[in-house]
Amino acid sequence: MSFEDERVRFYLRHCDQIEEWAALRAEAVLAVDEWLLELRPDVERLAVELGAEVVHIIDDPDFAWPSYRLARRGWPESDRPDPGASVSLEWLRGKTTLRASSSPYVGLRCAKEHALGALLRETEETRRVRAQRRDATSTWWVGNGYVPPSAPFPEEADAYRDRLLGALRAAWVDYAPLVDHCITRV
């Protein structure tokens, strides 16, 4: 890099304004966190729509990864704040900018070390559903995928709310039967 590089020259000419704009990120992620926390009543309504046996669990909003979790009564630890298995909407507090891989994500959360989590990862049906949904897998997630806004945000906040709730509903429809089936084998 040298001063001959136009990008370097541009930055040096405008560094005060660029740094001021960059500082807006901290305020924006806090606003996104607050907006996501306002989805609680919508997720509660969704849980009721999905059936009387569906339990809705909300993490402490001060956790690093706040989430809305849906579980069925009878699933492992479904009465605890961190159930053994849940279909969840989660995000990284203070870091979510709603860009591609910095968006909330939705999927089936069940730790790999949990007997149910291991069994779910082994089944062909789970692999098929995960591939069809194009979900990733990790230590904590049997399958999950990011849900970025598809329209300008916050101008289209209502459409994005619907998209998130739709993604959570679809994850429930796809993954809950797999948990129901595997739970009898654990």
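Any value given below was found using the heavy atoms of this structure, including those in side chains, with hydrogens, waters and symmetry copies removed.
Taking 4.5 Å as the limit, every side-chain heavy atom of Leu108 sits out of range of all side-chain heavy atoms of Arg133. The side-chain heavy atoms of Ser88 and Trp141, taken from C-beta on, include a pair separated by under 4.5 Å. For the pair Glu156/Ser150, no side-chain contact is recorded, criterion being any heavy-atom separation below 4.5 Å from C-beta on. For the pair Val32 and Thr97, the minimum side-chain heavy-atom distance is 4.5 Å or more. Annotation: side chain of Leu39 is in contact with side chain of Leu89 (closest heavy-atom distance under 4.5 Å). The side-chain heavy atoms of Ser2 and Val8, taken from C-beta on, include no pair separated by under 4.5 Å. The closest side-chain heavy-atom distance from Glu125 to His181 is not below 4.5 Å. Using a 4.5 Å cut-off on side-chain heavy atoms (C-beta onward), Leu164 and Leu36 make contact.
In this structure, Val29 stands alone, with no Ile, Leu, Val, Met, Phe, Trp or Tyr side-chain heavy atom under 4.5 Å from its own, directly or through other members.
In this view, Ser103 satisfies the side chain to side chain donor-acceptor pair (under 3.5 Å) rule with no residue, not counting sequence neighbours. In this view, Trp65 satisfies the ring pair (Phe, Tyr, Trp, His ring centres under 6.0 Å) rule with no residue, not counting sequence neighbours. Scanning for side chain to side chain donor-acceptor pair (under 3.5 Å) contacts around Glu44 gives Arg40, with sequence neighbours left out. Every residue two or more places apart in sequence or in another chain that forms a side chain to side chain donor-acceptor pair (under 3.5 Å) with Asp5 is listed here: Arg7.
Side chains of Tyr11 and Glu19: a donor on one and an acceptor on the other come within 3.5 Å.
The closest donor-acceptor contact from the side chain of Arg73 to the backbone of Ala52 lies under 3.5 Å. Side chain of Tyr160 to backbone of Val147: a donor-acceptor contact under 3.5 angstrom is found. Put simply, the side chain of Arg69 never gets that close to the backbone of His56: no donor and acceptor are under 3.5 Å apart.
Within the structure, every pair that satisfies the ring-ring contact (aromatic ring centres under 6.0 Å, His included) test and touches residues 81-101, not counting sequence neighbours, is listed here: Tyr68-Trp91.
Smallest separation of non-hydrogen atoms from Val142 and Arg130: O-NH1, 2.8 Å. Contact between Lys95 and Ser102 at its shortest, heavy atoms only, is O-OG, 2.9 Å.
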Discussion item. Apply salt bridge (Lys or Arg N to Asp or Glu O under 4.0 Å) to residues Arg72 and Glu53 and explain how you reach the verdict.
Written reply: CA-CA 6 Å; Arg72 194 181 313 277; Glu53 75 286 351; 2.5 Å; yes

